[in-house]
Amino acid sequence: MPKITLPDGSTREYENPVTVIEVAESIGPGLAKAALAGRVDGELVDSSTVISSDADLAIITERDSDGLAVIRHSCAHLMAQAVQRLFPKAQVTIGPVVEDGFFYDFAFSRAFTPEDLQAIEKVMGEIVKENLTVERSVMSRDEAVAMFTEMGEDYKVQIIESIPGDEDLSFYRQGEFIDLCRGPHVPATSSFKAFKLTSVAGAYWRGDASNEMLQRIHGTAWGSKKDLKLFLQRLEEAEKRDHRKLGRHLDLFHFQEEAPGMAFWHPKGWSIYQSVQRYMREVQDKNNYKEINTPQLVDYSLWEKSGHASKFADEMFSVESENRMYAIKPMNCPCHIQVFNQGLKSYRDLPLRLAEFGSCHRYEPSGSMHGLMRVRSFVQDDGHIFCTEEQIQAEVADFMTLLFAVYKDFGFDEVILRLSTRPEKRVGSDEVWDKSEQSLKDALNATGLPWELVPGEGAFYGPKIECSLKDCMGRVQQCGTIQVDFSTPGRLGAQYVAEDSSKQEPVMLHRAVLGSFERFIGILIEHYAGDMPAWLAPEQALILNITDKQNDYCRNFEESLKNKGFRVSTDLRNEKIGFKIREHTLQKIPYLLVVGDKEVENGTVAVRKRGGEDLGAMTFHEFCTLLNQDVASFGRGA
RNA sequence: GCUCGCAUAGCUCAGGCGGUAGAGCACUUCAUUGGUAAUGAAGAGGUCCUCGGUUCAACUCCGAGUGUGAGCACCA
């Protein structure tokens, strides 16, 4: 006689075991119709699940984020069924839910075309109309293997064989289609209201490049047609923020065939770059980093000693000159150790924080390059902290504080934090790994923000924290990082004299706040959709005349603002004011200063903000105050 | 690197059963001195990514290369 407690705290008693859907029916027919699944004592289940003892129950509908996940997961099955109706020889593999949608990977003799996608979508619609019931069943591993072998679904057989233990497996059937699945799923194929197949691309079986390539079809599914439309609009808006597009329109940088993966920075883009660099230099100074600069070309032997040559030789650019092999530096750490190694270091010198805006080159795989986000030539805001084991924790904590302060100035409040811990192949004792992982964990916990643990993904020399931001299409881009390294200092002979006059190896912390200037600026452009805040804007204000009678006044005003250190220019062309306003608004200049006879007479400028807001007439002094305040606020809260 | 797609004027894009191409914006010139998102007119601008092949003829068809897009793999 189960007693069901609903989310609002009310309870209902039933004579006999009931299903989720029966409970929904007893509450109301509308809810029963909308029910997609249930959550029983916190666990997601099918709406057909029988509840036989007292339980907490929530009815899941499309309004629930879990409900949306159920729809999407079921939609992946729907798509697989449609694919197999159209292409009986296509084998199914896996079809999980991803952000905003789902995908399913198929093994098929050829790639699917956009026309195929349309056909698949059409068949999906037909299956929805057929209103097939989705039924759960349970089978033993052996039965399942036999069934899929019989069906010729080799990939499913592999999946089942790789599931450990001999627990029973659950399956979902709708019409002629059956798939191995944990569920839960929607009760019937009529549950789908809005879906769309978005793209097709190759993907390796089991994510391993040595395996064959499958065909991955991506789709999206929503609780209503309206939500689907909103999503598609959101995608369109996001595309407009693409830094590659804005980089061209705003004349910031370009790429060309002769230098793949290497940006040509134009005056305006370089201005942003320089502003970011000036800012970082100041931050580093304030935080007791010593800035250095090291060679671009270093004899190959150093990379052999550091261990990078053996691991990354294919990704390093090398140069031969006078029978000597050099590598263009792919990273700065070995060079920083060379600086550390000059002169005898004492424990009193630690922690020693060296920083460099270090230009690096890496031969990134062609398919991995992406605008400014992943390039072959980039500059890191690199830094290495040489310290003792005891100092790790405080240094990591300080770094995280610094990083958040910087991100805040750039207008980023949402940072994705991840901790990558010891990989299988590693150097250093477990004790040391315990300690360094713990230091990083403590630092992460101290931020008070959620973070994700990624076991086994650390570098071979130590664990790391990665701080990522999202680009306009929701792709996660790693920016800041801090990594503990117990290995490289030793390999390259770094030592300091301890209190007991013994020689000790320092611990090295690799750290970067922005990561690379290129990627970070790419992220910034997308974050602001090109509307750079005043402190970063290449041109902070532009003075516009109405007629050429005001030219001298405009030039004098420009000169005075430049003397105050502002980035200003004039547009005195013989064009109508509306035309010039439009043009410079499209160029996203923060302030447009209009000067006509009225302003000349009163010694003012008419200030128009980027968004179109009219701030009225201002004197030189008033405008300076305004711009100074704007610049001083950085990008906080923008 | 892998799968699939794409490459035409500075930019955004049309176009053609194989007979060397067009629009809008930008650019140049002229007129216009106009108060907050496009003044009008005229002009100039292209080895249709590169190299091979097929063909009387290739920007168009085929192949290779390069770059690029989406996804996968990689990311010290």
Which letters describe nucleotides 66-73 of chain B, given B = protein heavy atom under 4.0 Å from base, S = only from sugar-phosphate, - = neither? BSSSSBBB
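For the pair A/Pro330 and A/Arg608, both in contact range of RNA chain B, the more 5′-proximal nearest nucleotide belongs to A/Arg608. Take the nearest nucleotide of RNA chain B for A/Leu214 and for A/Arg582: the residue whose nucleotide is more 5' is A/Leu214.
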Given side chain to side chain contact (heavy atoms under 4.5 Å, CB included), test A/Leu542 with A/Gln587 step by step and report yes or no. CA-CA 11 Å; A/Leu542 189 83; A/Gln587 284 297 307; over 6 Å; no
Kindly indicate, with the supporting measurements, whether the criterion salt bridge (charged side-chain N to carboxylate O under 4.0 Å, His left out) is fulfilled by A/Asp382 and A/Lys329. CA-CA 13 Å; A/Asp382 207 358; A/Lys329 72 174 166 184; over 6 Å; no
Apply side chain to side chain donor-acceptor pair (under 3.5 Å) to residues A/Arg511 and A/Tyr289 and explain how you reach the verdict. CA-CA 12 Å; A/Arg511 39 109 292 160; A/Tyr289 284 83; 3.2 Å; yes
Tell me, with the steps shown, if A/Arg475 and A/Glu526 meet salt bridge (charged side-chain N to carboxylate O under 4.0 Å, His left out). CA-CA 12 Å; A/Arg475 291 173 286 223; A/Glu526 298 193 352; 5.9 Å; no
Please assess A/Arg362 against A/Phe378 for the test side chain to side chain contact (heavy atoms under 4.5 Å, CB included), listing each intermediate value before the final yes or no. CA-CA 9 Å; A/Arg362 296 178 186 174; A/Phe378 55 96; 3.6 Å; yes
Side chain to side chain contact (heavy atoms under 4.5 Å, CB included) between A/His584 and A/Leu544: does it pass, once the steps are laid out? CA-CA 10 Å; A/His584 298 112; A/Leu544 312 171; 3.8 Å; yes
Yes or no on side chain to side chain contact (heavy atoms under 4.5 Å, CB included) for A/Glu518 and A/Val379, after CA distance, side-chain angles and deciding distance? CA-CA 7 Å; A/Glu518 285 73 9; A/Val379 177; 4.2 Å; yes
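The CD1 atom of A/Ile577 sits 9 Å away from the C1' atom of B/G34 (whole-angstrom rounding). Protein atom CD of A/Glu583 is 17 Å distant from nucleotide atom P of B/U36, rounded to whole Å. At whole-Å resolution of the value, CZ in A/Arg362 and P in B/G1 are 18 Å apart. Counting to the nearest Å, the P atom of B/A76 and the CZ atom of A/Arg491 are 16 Å from each other. A/Asn574 has its CG atom 13 Å from the P atom of B/U28, to the nearest Å. Going from atom CD of A/Glu575 over to atom P of B/C25 covers 13 Å, rounded to whole Å. Put simply, NE2 on A/His254 is 10 Å from P on B/C11, counting in whole angstrom units. Going from atom NZ of A/Lys311 over to atom P of B/C74 covers 12 Å, rounded to whole Å.
Using C1' as the reference atom, B/U20 and B/U33 are 46 Å apart when rounded to the nearest Å. Rounded to the nearest Å, the gap between the C1' atom of B/A14 and that of B/A57 is 25 Å. Annotation: B/G22 and B/C6 have their P atoms spaced 25 Å apart (nearest Å). Distance noted for atom P between B/A41 and B/A58: 40 Å (whole Å). Comparing B/A9 with B/G43, their C1' atoms sit 15 Å apart, to the nearest whole Å. Annotation: B/U36 and B/A31 have their P atoms spaced 26 Å apart (nearest Å). Rounded to whole Å, the separation between the C1' atoms of B/U8 and B/U68 comes to 16 Å. The gap from the P atom of B/C11 to that of B/G71 amounts to 24 Å, rounded to the nearest Å.
Here A/Lys580 lies out of heavy-atom contact (under 4.0 Å) with every strand. Within 4.0 Å (heavy atoms only), A/Gln478 reaches no atom of the nucleic acid at all. If you check every strand for non-hydrogen atoms under 4.0 Å, A/Phe312 touches a base. Looking at heavy-atom distances under 4.0 Å, A/Glu599 makes contact with a base. Using a 4.0 Å heavy-atom cutoff across all strands shown, A/Ala111 reaches sugar-phosphate atoms only and no base atom. Within 4.0 Å of A/Tyr461, counting heavy atoms only, lie sugar-phosphate atoms of the nucleic acid but no base atom.
A stem is defined here as three or more consecutive Watson-Crick or G-U pairs, each with both distances under 3.5 Å; for RNA chain B these stems are B:1-7 with B:66-72, B:10-13 with B:22-25, B:27-31 with B:39-43, B:49-53 with B:61-65.
Checked against the 6.0 Å centroid criterion, the rings of A/Tyr104 and A/Phe106 qualify as a close aromatic pair. Note: A/Tyr591 and A/Phe623 meet the aromatic proximity criterion, with ring centroids under 6.0 Å apart. In this structure, A/Phe102 has its ring center at least 6.0 angstrom away from the ring center of A/Phe195.
Residues of residues 538-556 of chain A having a heavy atom closer than 4.0 Å to RNA chain B, listed by number: A/Ile546, A/Thr547, A/Asp548.
Of all nucleotides listed (B/C11, B/U36, B/U39), B/U39 comes nearest to the side chain of A/Lys576. Which of B/A76, B/G35, B/A37 sits closest to the side chain of A/Ile581 comes down to B/A37.
Ring pair A/His510/A/His384 is perpendicular by interplanar angle, where above 60° counts as perpendicular and below 30° as parallel. Relative orientation of the A/Trp265 and A/Trp270 rings is tilted, given thresholds of 30° and 60° on the angle between their planes. The aromatic rings of A/Phe108 and A/Phe112 sit parallel, their planes meeting at an angle under 30°, below the 60° perpendicular limit.
A/Arg110 has no side-chain polar atom (N or O) that falls below the 4.0 Å cut-off from OP1 or OP2 of B/C4. A sub-4.0 Å separation between OP1 or OP2 of B/A76 and a side-chain N or O of A/Lys464 is present.
The base of B/G35 has none of its N or O atoms less than 3.5 Å from a complementary donor or acceptor on the side chain of A/Asp597.
Side-chain contact of A/Thr294 with A/Glu356: a donor-acceptor pair under 3.5 Å is present, judged by distance alone.
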